[in-house]
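A short write-up of the structure that comes next.
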2 protein chains.
Amino acid sequence: MTGNDLYEELTRHLSAVGSVRRKLGRILPAGCSDASATMLAVLGRHGAMRIGRLTELLGVDPSVTSRHAAQLTMLGWVDRKPDPADRRSSILRLTSEGHAQLAELSDRRSRELAARLAGWSDEDIRRLAWLLSRLRADFDAQRTGQHTFADPSEGARRPRTPAA
Amino acid sequence: MTGNDLYEELTRHLSAVGSVRRKLGRILPAGCSDASATMLAVLGRHGAMRIGRLTELLGVDPSVTSRHAAQLTMLGWVDRKPDPADRRSSILRLTSEGHAQLAELSDRRSRELAARLAGWSDEDIRRLAWLLSRLRADFDAQRTGQHTFADPSEGARRPRTPAA
DNA sequence: TATTGTTATACTCTATAACTATA
DNA sequence: TATAGTTATAGAGTATAACAATA
């Protein structure tokens, strides 16, 4: 059962991330929930998109995305226009107010993180971000079955920059 | 504003950890909540302790620890005996049923993680666990004020093995 | 018939505030 | 008076299921 302790330790530290996230959440501007902040960040990073794409990127149920998107729209931070390619859907895009809110968020977070991570090198931060993105990518990948070994026809399929 | 993008990326990936944790939570045995699993793991790793210590380790409000500890006690997985040093408090300890439950949890998680992290080296896993523990430690540290620079009297106070 | 998204509902986790018992 | 822990309550975030509109 080699690696059991390794997994146990990783799981414990992953659980503890919640504490960090809650502390980061306390610096949010009034009226901006944690979920709103996350959604603004994704739209800011990846640009306009449909609910379905946002759902994938957030890793939640579509019903959750739908509710939060409605919230952001009501706040005037996100604009929806019909998707010409599929009338069941619409395109979400940050408004100028949304961009402003995101900028305010980023400023606050930068100040907080600069203080908290004073002892971290840029390389440390990049490494952590990279490992987390890889973790997320490996959990998003469909389990292809119960076989233990990878398909031999796929030599180096490990993504080098997952979800950049 | 150097490092802003670095921070933005880190924050986004930290948010995405929730998705990973929820997927790991789906393999829990019936009757064992995610919070229960976390508490069992901490008690298994650090041994018997009081509510206060558990509260620190979990990084939540004492009221939360109290409620979940009551739950685990009711399930028979944790035993409470009076703290001889302070009658306001009591000592929490895993019962044999608690140990068994924790073992079952660890087995399930090991299988899941072994499948998900097939492409990871032990070193990758250790590095991620280490960076997360350091992140947590730096967020737990009391902000000593608004000064930007560390107290010169403290040479190398960066913990080398935070919350091991 | 399948897919995209929405709504109603319920559940988990957490924080705040008020409280009890002991230090 | 201060501290350890408990309980009541409220709020945020998410999932499930049923549904509407369109592909």
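By convention in this document, chain letters (A, B, ...) are assigned in the order of the sequence lines, proteins followed by strands, and residues within each chain are numbered from 1.
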Considering only heavy atoms from C-beta outward, does the side chain of [X] approach that of [Y] to under 4.5 Å?
| X | Y | result |
| --- | --- | --- |
| A:Met49 | A:Leu43 | yes |
| B:Leu94 | B:Val78 | yes |
| A:Arg21 | A:Val17 | yes |

Side chain of [X]: nearest nucleotide among [options]?
| X | options | answer |
| --- | --- | --- |
| B:Ser89 | D:dA15, D:dG5, C:dA17 | D:dG5 |
| B:His68 | D:dG13, C:dC13, D:dA15 | C:dC13 |
| B:Arg88 | C:dT22, D:dT16, C:dT6 | C:dT22 |
| B:Val64 | C:dA8, C:dT6, C:dA15 | C:dA15 |
| B:Ser63 | D:dT14, C:dT16, C:dT6 | C:dT16 |

Residue pair A:Ala69/A:Arg26 against DNA chain C: nearer the 5' end by closest nucleotide is A:Ala69
Quick one: is D:dA15 close enough that its OP1 or OP2 comes under 4.0 Å of any side-chain N or O from B:Arg22?
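Yes, such a contact exists.
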Kindly indicate whether the side chain of B:Ser66 and the base of D:dT7 share any N or O donor-acceptor pair separated by less than 3.5 Å?
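No such pair is found, so the answer is no.
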Near DNA chain C, under 4.0 Å by heavy atom, which residues of residues 74-87 of chain B?
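Result for residues 74-87 of chain B: B:Asp86, B:Arg87, sorted by number.
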Atom CZ of A:Arg50 and atom P of D:dA23: how far apart are they, to the nearest Å?
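Going from A:Arg50 (CZ) to D:dA23 (P), I get 11 Å.
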Checking A:Leu131 against B:His13 for the side chain to side chain contact (heavy atoms under 4.5 Å, CB included) test, could you report, in this order, the C-alpha distance in whole Å, the side-chain angles of both residues, the deciding distance, and whether it holds?
CA-CA 9 Å; A:Leu131 287 166; B:His13 291 309; over 6 Å; no
